[in-house]
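Data first, discussion second: the structure below is written as structure tokens.
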Amino acid sequence: MEKNEMPGSSGVPRREFIKKTATAAAAVAAASLIKTPVYGQSQPPSAGVTGANNKIVVGFIGVGAQGFNAHVRQIKTHASDNNVALAAVCDVWTKRVNEVKQFIGGDCQGFDNYHKLLDRKDIDAVVIATHDPMHARATLDSLNAGKHVYVEKPLTRYLGEAFEVHDIVKKTGKILQVGSQGCSAAGWHKAAELIQAGKIGPLIWGQGYYCRNDPKGEWNIPIDSDAKPDTIDWKQWLGSVKKDAPFNPEHYFRWRKFYPYCAGLLGDLIPHRLNPLMLATGKPEFPSRVICLGTKNVHPDKNTDGASERDVPEHLELIAEFPSGLSLVVAAGVVNAKSPGFAIYGHKASLEIGNSGERVMLMPEKPFADEIDPERFEGLTPIEDFAVHEKNWFDSIRANQQPNANIDLAIRAQTVISLAEMSERLKVACLFDEKTRKVTTDGGREIQPITYGTLPLS
């Protein structure tokens, strides 16, 4: 990748004095830092993976819009390149099972219960693209059945089950990838390389945004009239959510609007920005304090006939503080689409990262202009892409190494997300102790993490 001076900058190279007086020891130290592996590639390998030349047999749990378009379609398109076979699909709605089976073709098998799919000993890996309350249960069962797992973001619905998944991944040694595809974009890894090389000095703060603007209300997707209680296993779909709730087609199709099934923006859009930002630090940390503010004042749901008002905020901002002193500010919304961009600010310099991870700009602070040159990295590849992220998972299974959005990153990001939901809904600042896994208020009062049934809408 080509490196150029930043347009509009002074173009002044590092002072000749510094070049001449740099010691050999300093040069060796710098070289050592630059060679530090990008986050995720230095993790210890897992055990029990598919051989490098063997075909990876894949099953799919949840084949709705995301499961089909982002995963079944992409993985089938690149099946030959990745040396994979699409063997089975499962969904609680028989219509989806039949349609996706037909699309895959061959001897692909369909199931109405994922346990039946997991019983197939020939399946090596599963892609889980259900709604959020099923992420943990399906992931845990898949890992215990000896399967590698790609699970859509967020890792889990609630914090307690996220640590359950973390512990079982560590115990089984299986390869888990979270579906935050930005983590496989080159720009974030270039940022991690620059940060680990000390190019911007101690980290101060970072920012990220994912904002949309839907006048009819985000997630008000059409309700298919074929969806009926006799074709959908509603009880299985509810999972750990209240079992006696009657069949509700709006909840089934528009579940991201409603708290029992999703944290809204925190579950859908925030992970796409939070996970890469944390990866880019080079050493993701558990948060020490999280504060989140959500608002709901536009009410676009009223513009869609028959749509219910959402439980979740239309816009929110979270601030996460980490033990190193770094803070991250991430905003998401569905009522204003303006997005200022992505940046990480250090004491000596700052980084701006392109929306798709295609560009990184290094900009020195004025007091350090003699020490640090401005740099611009353009045309970085790969950019954010589902197929690239899926390939990273397959390659990691074969190479017996941790993928880009691995469990160590995922559990730290999920802790931020879960604490942010608690902060917003309970109106408190949430402090976290990674050793005890306890959450407290700033006054020291312990808070039990939200889980199924602890709040009226949970």
Side-chain angles (χ1 to χ4, degrees), residues 39 43 132-133 135-137 139-140 143 151 153-172 176 178 180 203 205-206 239-241 259-267 270-271 274-275 277-279 281 283-294 312-313 316-330 405-458:
Y39 172 74
Q43 303 298 310
D132 296 356
H135 284 191
R137 190 73 265 155
T139 297
L140 290 167
L143 292 168
V151 58
K153 50 77 198 161
L155 176 63
T156 57
R157 177 66 188 90
Y158 294 115
L159 184 59
E161 55 189 6
F163 278 104
E164 287 186 63
V165 170
H166 169 271
D167 294 347
I168 294 298
V169 170
K170 295 296 185 179
K171 179 180 178 181
T172 61
L176 180 140
V178 169
S180 181
L203 301 185
W205 72 291
S240 299
V241 179
Y259 267 134
Y261 319 110
C262 182
L265 295 162
L266 286 167
I270 288 286
L274 176 66
N275 290 25
L277 276 167
M278 293 179 68
L279 180 151
T281 67
K283 293 182 179 179
E285 304 173 272
F286 282 101
S288 53
R289 178 171 52 165
V290 178
I291 300 169
C292 185
L293 170 68
V312 300
L316 60 77
E317 297 137 39
L318 74 81
I319 302 176
E321 177 189 29
F322 299 89
S324 65
L326 168 70
S327 65
L328 293 179
V329 180
V330 187
N406 60 57
I407 190 61
D408 291 324
L409 173 64
I411 187 61
R412 288 159 174 79
Q414 185 61 47
T415 302
V416 173
I417 292 165
S418 293
L419 266 60
E421 181 182 1
M422 293 173 64
S423 173
E424 202 284 319
R425 297 182 70 178
L426 302 178
K427 314 302 181 189
V428 296
C430 292
L431 281 63
F432 184 73
D433 184 331
E434 66 177 282
K435 293 181 179 178
T436 64
R437 299 180 178 177
K438 289 183 178 180
V439 184
T440 59
T441 65
D442 55 1
R445 176 174 60 88
E446 185 175 350
I447 312 172
Q448 292 302 315
I450 296 173
T451 190
Y452 303 101
T454 57
L455 295 178
L457 296 177
S458 66

What residues, two or more places apart in sequence or in another chain, satisfy side chain to side chain contact (heavy atoms under 4.5 Å, CB included) together with [X]?
{"X": "Leu426", "result": "Met422, Val428, Ile447, Leu455"}
{"X": "Val151", "result": "Ile128, His135, Thr139, Val149, Leu155, Leu176, Val178"}
{"X": "Thr156", "result": "Ala136, Glu161, Ala162, Val165, Gln414"}
{"X": "Leu203", "result": "Ile195, Ile200, Thr281, Leu326, Ile344"}

Exercise. Is there side-chain contact between His166 and Asp408, with heavy atoms separated by less than 4.5 Å?
Worked result: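 Sidechains of Asp408 and His166: in contact.
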Between [X] and [Y], which heavy-atom pair has the shortest distance, and what is it?
{"X": "Pro154", "Y": "Gly267", "value": "CD-O, 3.1 Å"}
{"X": "Leu265", "Y": "Pro313", "value": "CD1-O, 3.5 Å"}
{"X": "Ala420", "Y": "Cys292", "value": "O-CB, 3.3 Å"}
{"X": "Pro323", "Y": "Ser288", "value": "N-OG, 3.9 Å"}
{"X": "Pro287", "Y": "Val416", "value": "CG-CG2, 3.7 Å"}

Enter the distance from [X]:[atom1] to [Y]:[atom2] here, rounded to the nearest 0.5 Å.
{"X": "Arg412", "Y": "Thr415", "atom1": "CZ", "atom2": "OG1", "value": "8.5 Å"}
{"X": "Asp167", "Y": "Ile411", "atom1": "CG", "atom2": "CD1", "value": "8.0 Å"}
{"X": "Leu266", "Y": "Leu316", "atom1": "CG", "atom2": "CG", "value": "4.5 Å"}
{"X": "Leu143", "Y": "Thr172", "atom1": "CG", "atom2": "OG1", "value": "4.5 Å"}
{"X": "Ile319", "Y": "Arg289", "atom1": "CD1", "atom2": "CZ", "value": "9.0 Å"}

For this session: Can you tell me which residue pairs pass the salt bridge (charged side-chain N to carboxylate O under 4.0 Å, His left out) test with a partner in residues 414-426, sequence neighbours excluded?
Result: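 Every salt bridge (charged side-chain N to carboxylate O under 4.0 Å, His left out) pair that includes a residue of residues 414-426, provided the two are not neighbours, is Arg157-Glu421, Glu421-Arg425, Glu424-Lys427.
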For this session: Enumerate the residue pairs fulfilling salt bridge (charged side-chain N to carboxylate O under 4.0 Å, His left out) with a member in residues 441-453, sequence neighbours excluded, ordered by first and then second residue.
Result: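 Counting only pairs at least two positions apart or across chains, no salt bridge (charged side-chain N to carboxylate O under 4.0 Å, His left out) contact touches residues 441-453.
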For this session: Decide yes or no on side chain to side chain contact (heavy atoms under 4.5 Å, CB included) for Glu317 and Ile291, but give the supporting numbers first.
Result: CA-CA 8 Å; Glu317 297 137 39; Ile291 300 169; over 6 Å; no
Exercise. Partners of Lys435 by side-chain hydrogen bond (donor to acceptor under 3.5 Å, both in side chains), sequence neighbours excluded?
Worked result: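 Here no residue qualifies.
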Exercise. Who pairs with Ser240 by side-chain hydrogen bond (donor to acceptor under 3.5 Å, both in side chains), at least two apart in sequence or on another chain?
Worked result: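 Partners of Ser240 under the side-chain hydrogen bond (donor to acceptor under 3.5 Å, both in side chains) test: none.
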Sub-3.5 Å donor-acceptor pair from the side chain of [X] to the main-chain atoms of [Y], do we have one?
{"X": "Asn406", "Y": "Leu409", "value": "yes"}
{"X": "Thr454", "Y": "Ile450", "value": "no"}
{"X": "Ser458", "Y": "Thr451", "value": "yes"}

Exercise. Who pairs with Phe322 by ring pair (Phe, Tyr, Trp, His ring centres under 6.0 Å), at least two apart in sequence or on another chain?
Worked result: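 Listed in chain order: nothing, the list is empty.
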For this session: Sequence neighbours left out, what pairs pass ring-ring contact (aromatic ring centres under 6.0 Å, His included) with at least one residue falling in residues 420-458?
Result: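 Non-adjacent pairs meeting ring-ring contact (aromatic ring centres under 6.0 Å, His included): Tyr158-Tyr452, Phe286-Phe432.
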Problem set entry | Which residues share a salt bridge (charged side-chain N to carboxylate O under 4.0 Å, His left out) with Glu285, sequence neighbours left out |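 Salt bridge (charged side-chain N to carboxylate O under 4.0 Å, His left out) check on Glu285 returns nothing, list empty.
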For this session: Tell me, with the steps shown, if Tyr261 and Asp132 meet side chain to side chain contact (heavy atoms under 4.5 Å, CB included).
Result: CA-CA 6 Å; Tyr261 319 110; Asp132 296 356; over 6 Å; no
